[in-house]
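Heads up, the thing below is written out as C-alpha cells.
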Amino acid sequence: MINRNKGFANLTAGYLFPEVARRRREFAARHPDASIISLGIGNTTEPLTPHIAKAMSDYALALSTPEGYSGYGDEQGMAALREKLAQVFYPNMISPDEVFVSDGAKCDIARVQVLFGKDVKIAVQDPAYPVYVDGSVVIGAAGKMKQDGTGYEGIVYMPCVPENNFFPDLSVVPPDSVIYFCSPNNPTGAASSKKELEHLVDYALKRGCVIIYDAAYSAFIRDPSLPKTIYEISGAENCAIEINSFSKPAGFTGVRLGWSVVPKKLKFADGSLVHSDWNRVMTTLFNGASNIAQAGALAALDETGLSEMKSLIDYYLENVKTMTAALSAENFKKSGVKVYSTGNSPYLWVFFPGYKSWEIFDKILAECNVVVTPGSGFGPAGEGFVRFSAFGHHKDVNEACKRFSRLHF
C-alpha cells in the first residue's frame, strides 16, 4: 500500500471554517426554531453588480455562437486583463507580464508553496489566515503540532497583538524565510502603515527573505495614507510576491477569480528567476481561469465597474460601523470587551476577557443565535478573540446587533 502524505497526518483538528459550519449545523439541529445569522465566514452576500454581471452574461451567451466561442486561453490570463490589472492597481510599478490571473487568492497561496518546497523556513503573522499554516504543513515545510498546542514545529509565529499595534516583531524571523503577511489583515483587520511596510521590506531584503503579501482586502482601505500594495514600498519588487482577488470587492467568492504579481527582479539564491518558476507552476499545475469570469473582471476594471465595486465595498463598510457601535455599547465596555476596528477592513477583532475563543463562540451562538469565528482558529495569539465579519445584508446585521444585548457576562 502507498503511504499517506505525512503532512496530512500532522494536521490537527479540522480546517477552521468547516468546523464552524459543523457546530452551526449541530446547533440548528438542536434548535430548529432558531433564526441563525452568520457573521462568521467572510462570504459576500450582495448580488453581483449590473455592469459586471452583464459582461459575464454577454460573454457566456456569445459562447453559443461561432464568432463568440472561445476554448482554452492563456494559462496566465487574458492579455487585456493582465494589462488592465497592471494599469489600475500597479501604475508605473509592475508590467503586465508580471501579473498572473488565477481562480482565487486562496488557491494561489496554496500553489505558491510549491515554489519553495518542503525545506524552506516559514514565518507567519499570528493570528493568520489558516491556509498559510495548513498549506505549509501539508507540503512538509512544517511538522507536527507542538505538545503544548502553541503551533506547529518548523513555523515561526509572529504575534500580532494590541500591545504591538498588530505589527509583529520581525527579529524572530530567521534569514532566508518565507514570510506570510496580510494587510489589511485577516482576521485582525489591521492595515499596516507605509512606515511599517518599509520596515518589513527592509528586513526581508537584508535577511534574504521572500514576502508573500496577501492583499485580498486592499480595496477596503479608505485611509489615503495607507498603502494598497506592497509595491508602493521601494525595493519590494526584489523581495515580494503579491496576491489579490476579486472575491470581496466584486462579490466573486463563487465566480472565482484572483491574481498574483511576481516581479522579474525577484530571484532565488542561485540567481534563477522566481517569475520563470511561477510561470511553470501556472502552466503546469493550473489551466487558466474561466474566460467568463475574466470577462467580468475586465468590466469590473473599467470606469463603471470600479464605481460599482466602490459602492459594494461601502455597503459592507457601513456594516462595520453598525457592528462597531453595537459592540462598543456600555454593557460591553463594563465587561472589558474591546473592539479593534480601523474602518479599513470588513472584519472586527473583538476581545472577550475571561473567555476562550470557542467558549465565546458557543455563548454568542446560544444567546444571540449569531455565528462568529473563534480567534484561536487563526493561531495561538488569537485566543480570547473572535472575528466578526461585515459581509451580510444590512437587515441581518442590524438584527444581529440588536441581539447582542442578550449577552450576559
Side-chain angles (χ1 to χ4, degrees), residues 13-47 127 129-130 186-189 217 220 247-248 251 253-254 312 315-341 343 345-378 382-409:
Y15 187 68
L16 172 62
F17 301 113
E19 176 64 15
V20 169
R22 183 188 69 80
R23 294 192 182 210
R24 172 182 174 158
R25 287 193 303 271
E26 291 182 353
F27 180 85
R30 295 192 305 269
H31 305 86
D33 296 329
S35 175
I36 300 174
I37 296 173
S38 178
L39 300 178
I41 297 175
N43 193 4
T44 52
T45 57
E46 302 313 298
Y129 188 49
N186 178 13
T188 68
Y217 298 95
F220 287 81
S247 285
K248 302 312 192 296
T253 49
L312 192 60
Y315 181 95
Y316 293 124
L317 288 176
E318 188 64 32
N319 286 340
V320 171
K321 294 178 182 178
T322 301
M323 288 191 293
T324 299
L327 292 166
S328 301
E330 194 61 33
N331 61 314
F332 286 100
K333 288 182 179 178
K334 288 180 179 178
S335 300
V337 174
K338 294 185 179 180
V339 180
Y340 297 94
S341 173
S345 163
Y347 298 123
L348 284 74
W349 191 234
V350 185
F351 180 68
F352 291 84
Y355 289 90
K356 297 289 187 180
S357 293
W358 282 108
E359 289 175 346
I360 195 64
F361 169 91
D362 288 334
K363 185 177 179 65
I364 293 172
L365 181 57
E367 297 182 13
C368 304
N369 298 165
V370 173
V371 175
V372 293
T373 307
S376 59
F378 295 98
E383 187 61 85
F385 290 84
V386 294
R387 189 193 74 176
F388 288 77
S389 168
F391 294 113
H393 304 307
H394 281 337
K395 64 180 181 62
D396 291 333
V397 170
N398 290 336
E399 172 60 25
C401 288
K402 291 178 183 177
R403 295 182 188 180
F404 292 155
S405 62
R406 303 177 189 172
L407 282 172
H408 299 287
F409 302 101

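Keep in mind it's a predicted model, so treat the numbers as computed, not measured.
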Of all the heavy-atom pairs spanning [X] and [Y], show the shortest one and how long it is.
X      : Y      : value
Leu317 : Gly343 : CD2-O, 3.8 Å
Val337 : Leu327 : CG1-O, 4.4 Å
Leu407 : Cys368 : CG-SG, 3.6 Å
Gly251 : Thr44  : CA-OG1, 3.8 Å
Leu39  : Ala400 : CD1-CB, 3.9 Å
Ile36  : Ala28  : CD1-CB, 3.8 Å

I'd like a table of donor-acceptor pairs (distance under 3.5 Å, sequence neighbours excluded) in which one partner is a side-chain atom from residues 345-357, with atom names and distances.
residue	atom	partner	partner atom	Å
Ser345	OG	Tyr347	N	3.1
Tyr347	OH	Tyr217	OH	2.7
Ser357	OG	Ser376	N	3.2
Ser357	OG	Gly382	O	3.2
Ser357	OG	Glu383	OE2	3.3
Ser357	OG	Gly384	N	2.9
Ser357	OG	Phe385	N	3.4
Ser357	OG	Phe385	O	2.9

Tell me, do [X] and [Y] make a side-chain contact under 4.5 Å, heavy atoms counted?
X      : Y      : answer
Thr373 : Pro187 : no
Leu365 : Val371 : yes
Ile360 : Phe409 : yes

*I would like to know whether Ile41 and Phe391 meet side-chain contact (heavy atoms from CB on, under 4.5 Å); could you show each step before the answer?*
CA-CA 8 Å; Ile41 297 175; Phe391 294 113; over 6 Å; no
Whether the side chain of [X] engages the backbone of [Y] through a donor-acceptor N/O pair (distance < 3.5 Å, no angle test) should be reported.
X      : Y      : value
His31  : Ala29  : no
Thr253 : Ser247 : no
Arg387 : Val372 : no

*Would you call the rings of Phe220 and Tyr316 parallel, tilted or perpendicular if under 30° counts as parallel and over 60° as perpendicular?*
tilted
_Once you measure the plane-to-plane angle for Phe388 and Phe404, does it fall in the parallel (<30°), tilted (30-60°) or perpendicular (>60°) bin?_
perpendicular
Sequence neighbours excluded, which residues qualify as salt bridge (Lys or Arg N to Asp or Glu O under 4.0 Å) partners of [X]?
X      : result
Glu318 : none
Glu367 : Lys363
Asp396 : none
Arg24  : none

Rounded to the nearest 0.5 Å, what separation is found between the [atom1] atom of [X] and the [atom2] atom of [Y]?
X      : Y      : atom1 : atom2 : value
Ile37  : Lys395 : CD1   : NZ    : 8.0 Å
Ile364 : Glu359 : CD1   : CD    : 12.0 Å
Ser335 : Glu330 : OG    : CD    : 10.0 Å

*What pairs with Phe361 under ring-ring contact (aromatic ring centres under 6.0 Å, His included), at least two apart in sequence or on another chain?*
Trp358
*Answer yes or no: is there an ion pair linking Glu26 with Arg23, defined by an N-O contact shorter than 4.0 Å?*
no
*asked:* Could you check whether Glu399 pairs with Arg403 (Lys NZ or Arg NE/NH1/NH2 to Asp/Glu carboxylate O, under 4.0 Å)?
replied: yes
*Give the intermediate values and the outcome of side-chain contact (heavy atoms from CB on, under 4.5 Å) for residues Phe27 and Asp362.*
CA-CA 9 Å; Phe27 180 85; Asp362 288 334; over 6 Å; no
